[in-house]
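Order of the sequence lines fixes the chain letters, A, B, ..., with proteins taken first and strands second; residue numbering starts at 1 for each chain.
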Amino acid sequence: MDWSDSDGNEVLDWESDEEPGPGSSPARVADRAGPSDETCKAGPSHRPLVSHFMGMGFSEDMVMKAIKENGEGDSEAILETLLTYAAIEKCPENIDHSHNNCSLASEENNSDGDDLSDISGFEDEDFTMGLSEEDKKYLTLMEMGFHPEEASAAMRRCGPDAQILELADSIHAAEVQESELGESTYSNNKPESFSYNCSRGKRKRFAEETVNKRRCVQTESDSSLISIPKPMVGYGLPNQRITTICRKLPESAVGPPYFYYENVALAPKGVWETISRFLYDVEPEFVDSKYFCAAARKRAYVHNLPIQNRFPLLPIPPKTIHDVFPTTKKWWPSWDPRTQFNCLQTCTASAKLTERIRRALEHYDDLPPLTTQKYVIEECRKWNLVWVGHHKVAPLEPDEIEMLLGFPRDHTRGGGISRTERYRSLGNSFQVDTVAFHLSVLKDMFPNGLRLLSLFSGIGGAEVALHRLGIRLKVVVSVEISEVNRNIIKSWWEQTNQTGTLIELADVQQLSGDKLEELMCTFGGFDLVVGGSPCNNLAGSNRYHRDGLEGTHSSLFYDYFRILDLVKCIMGKNI
DNA sequence: TTCACCATGAAGCTAGTT
DNA sequence: AACTAGCTTCATGGTGAA
């Protein structure tokens, strides 16, 4: 059986997509290799300093020039200059400006190396505007090629006032210590016991190994807790000028197929460790959609996609409440400081609550007492209420939520779906712009379209994202338990005049190996396996059954893994 | 301490049917 | 009028991170 693309026009080099290319971090690559012998060429007076920076991966010429510019005394300034040089050197050829509206103007302004104000590496002020100094330091560390967790850990160790150089040193020191102890938390080559390689006969061993893995969770979770990076920007945001982060995937994680798994970031302790362990030790990418739209949505994504040359969907959505809903500005009281929404959930505020708020405010003109303000703001934050009149708040309408999440207007409207059901479906969905940004790297790889296996499809967030990216959907096998959601996808499929094939199935648990093999025989395999399994038992807002990954609904994650693993095996990478 | 969180389930409501 | 099914409303708390 030939599992290559049926069109025979997409021969991908699956092994090389994460190789350090021209866009990879000089800091990172050299860091791993250790200081080079070339250090000796540096002048005697500068030698320790030059070695230090060359050890971080900067070229000798660059270091010498930076020292000359700043003098030897100010290491922090030298480092900033070096980062600027690195940015200038890499930007034009490594960032694909054709896909986004990234302007080179500010880069030109910085090209003399004197203006270091933009060290955070962002062109679009939108994204840096709200960031604290601490956040900016974090981003700088990431641009230097450090892993998000390394950066977070160093910032915890060194405190909020630590300078970049001190933080970088701290990370190096930690690495040295780890290597001396013979264990590396962030190592690309994890111990054998952690890996789970797909191989012949694996399907038979699946159940047994799954149980063993589950058992491992309790004992290992304490020693390798994943910390959530702050700011929650993942491997970078749109219009970020420097994308130097380079990650090396564990061998067993490399496709085909590509996979993309999503769930709530703030899951109970140990959950993401378990998910990551199952999904071939790929570390989650934590992203808050507040950087992509006007509503927060803290999620983690485990995927084996390349992270270079991502581009955002256009038009870029507005990121403040006032920009999205200009009419609310008229009624927005000065004492309500919100500029963005909290997470759009599956339930909305009751009419009684909005009435209680109206009554609480009716006796005051403009400035109610602080206790009233506090009460109203608290409820507004909790339920994402907007001001629609004097002293009058209201929950967001379903079509407004559709817009915020990046879906076409009326995507969930009609077809017999109730209003409550719309809220629930939307609350459970992807934020399309965020997911599309991550999936955008597939556009150049699959110019003729791709074959998608979409598990827990919901209202088709992944499908909509790929479509909006202009990626043709040759085949979509969508598995979704809810009939109304399946109808929504089918309706969208017809309305958008798709030319591919859509197959809708109801239950991931019923998707057997045989059925999967049959589908893959028909279509020649899948290029991408997307899924966001239920979060019911993980979400903080569930006060009844927050039972973790073993909960009734959330344990369906294991079906995502089971199916992905089957696809990997059938695609035959190791057969 | 404060804040946020893809929720749940019982009770009430409503439209349709007999 | 009585019944039913499906939908809406309402009240409810704990965990984890900063």
Side-chain angles (χ1 to χ4, degrees), chain A residues 132 134-135 138 152 155-156 159-160 221 225-232 261-273 286-290 293 295-301 337-338 340-356 374-375 377-385 395-396 398 401-402 404-407 412 416-432 434-435 456-459 461-462 480-485 531-549 551-554 556-557:
Chain A
S132 64
E134 206 176 330
D135 292 346
Y138 175 87
S152 295
M155 289 174 76
R156 275 198 305 277
S221 60
L225 277 180
I226 294 170
S227 61
I228 296 177
K230 185 177 172 294
M232 210 186 281
Y261 175 81
E262 177 259 12
N263 216 318
V264 289
L266 300 166
K269 278 180 180 168
V271 166
W272 278 109
E273 286 75 6
F286 290 90
V287 184
D288 189 339
S289 293
K290 72 176 184 180
C293 68
R297 205 168 192 78
K298 297 180 183 66
R299 297 291 180 267
Y301 307 86
R338 291 176 299 152
Q340 286 193 304
F341 294 113
N342 284 330
C343 185
L344 305 169
Q345 304 209 61
T346 57
C347 298
T348 52
S350 64
K352 284 205 169 180
L353 175 67
T354 53
E355 171 61 8
R356 276 202 295 272
K374 198 182 166 195
Y375 162 70
I377 296 290
E378 196 182 311
E379 296 297 333
C380 285
R381 284 188 203 275
K382 190 193 289 180
W383 296 103
N384 280 323
L385 303 173
L396 290 165
I401 298 180
E402 280 168 355
L404 285 163
L405 292 176
F407 286 94
T412 60
I417 189 172
S418 73
R419 190 180 164 85
T420 312
E421 198 76 37
R422 279 182 85 183
Y423 279 119
R424 180 162 32 240
S425 292
L426 286 162
N428 285 324
S429 172
F430 287 166
Q431 205 287 325
V432 171
T434 311
V435 171
F456 313 100
S457 303
I459 56 174
E480 168 58 39
I481 196 83
S482 156
E483 193 185 348
V484 289
N485 284 348
S533 61
C535 70
N536 307 32
N537 308 116
L538 311 179
S541 41
N542 185 352
R543 70 200 55 184
Y544 296 101
H545 306 289
R546 198 183 186 191
D547 305 325
L549 209 51
T552 320
H553 301 102
S554 295
L556 287 169
F557 158 74

Legend entry - Contact nearer the 5' end of DNA chain C, comparing Leu353(A) with Gly416(A):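 Checking each residue's closest nucleotide, the 5'-ward one belongs to Gly416(A).
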Nearest-Å distance, [atom1] ([X]) to [atom2] ([N])?
X         : N       : atom1 : atom2 : result
Tyr423(A) : dC10(C) : OH    : C1'   : 16 Å
Arg422(A) : dT8(C)  : CZ    : P     : 11 Å
Leu404(A) : dC6(B)  : CG    : P     : 16 Å
Met232(A) : dC5(B)  : CE    : C1'   : 12 Å
Lys374(A) : dT2(B)  : NZ    : C1'   : 8 Å
Gln345(A) : dA4(B)  : CD    : C1'   : 8 Å
Glu421(A) : dT9(C)  : CD    : P     : 14 Å
Gln340(A) : dC3(B)  : CD    : P     : 17 Å

Inset, instruction - Ignoring hydrogens and angles, tell me if any N or O in the side chain of Glu273(A) forms a donor-acceptor pair with the backbone of Ile226(A) under 3.5 Å. - result: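 Such a contact is found between Glu273(A) side chain and Ile226(A) backbone.
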Legend entry - Side-chain donor/acceptor of Ser425(A) to backbone N/O of Glu421(A), under 3.5 Å: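 Looks like yes, one N/O pair under 3.5 Å.
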Inset, instruction - Starting at the 5' end of nucleotides 11-18 of chain C, put B wherever the base has a protein heavy atom under 4.0 Å, S where only the sugar-phosphate does, and a dash everywhere else. - result: SBBBBSSS
Please work out if [X] contacts a base, only the sugar-phosphate, or nothing of the nucleic acid, heavy-atom cut-off 4.0 Å.
X         : answer
Cys343(A) : sugar-phosphate
Arg424(A) : nothing
Ser289(A) : nothing
Gly458(A) : nothing

Inset, instruction - Could you let me know what dA17(C) is paired to, Watson-Crick or G-U wobble, both distances under 3.5 Å, or none if it's on its own? - result: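 In the structure as shown, dA17(C) has dT2(B) as its Watson-Crick or wobble partner.
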Which heavy atom of [X] sits nearest to which heavy atom of [Y], and what is that distance?
X         : Y         : value
Glu379(A) : Leu385(A) : O-CD1, 3.9 Å
Phe430(A) : Ala462(A) : CD1-N, 3.7 Å
Asn384(A) : Asn342(A) : OD1-N, 2.8 Å

Inset, instruction - Establish whether the base of dC7(C) is bridged to the side chain of Arg419(A) by a donor-acceptor pair shorter than 3.5 Å. - result: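 It does not, because no donor-acceptor pair links the side chain of Arg419(A) to the base of dC7(C) below 3.5 Å.
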Does the side chain of [X] get closer than 4.0 angstrom to OP1 or OP2 of [N] through an N or O atom?
X         : N      : result
Arg381(A) : dC3(B) : no
Asn342(A) : dA4(B) : yes
Thr346(A) : dC6(B) : no
His545(A) : dG9(B) : yes

Inset, instruction - Check the pair Thr434(A) / Tyr301(A) against side-chain contact (heavy atoms from CB on, under 4.5 Å), numbers first and verdict last. - result: CA-CA 10 Å; Thr434(A) 311; Tyr301(A) 307 86; 3.8 Å; yes
Inset, instruction - Looking only at side-chain atoms of Glu262(A), point me to the closest of dC5(B), dC10(C), dC6(B). - result: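 Taking heavy atoms from C-beta onward, the closest nucleotide is dC6(B).
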Inset, instruction - Would you indicate whether the side-chain heavy atoms of Thr348(A) and Leu396(A) approach each other to under 4.5 Å? - result: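 The answer is no, as the side chains (C-beta and beyond) never meet within the 4.5 Å cut-off.
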Inset, instruction - Identify whether the distance between the nearest side-chain nitrogen and carboxylate oxygen of Lys352(A) and Glu355(A) falls below 4.0 Å. - result: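 So Lys352(A) does not pair with Glu355(A) through a salt bridge.
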Legend entry - Euclidean distance for C1', dT2(B) against dG13(C) (whole angstrom):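 It works out to 16 Å between them.
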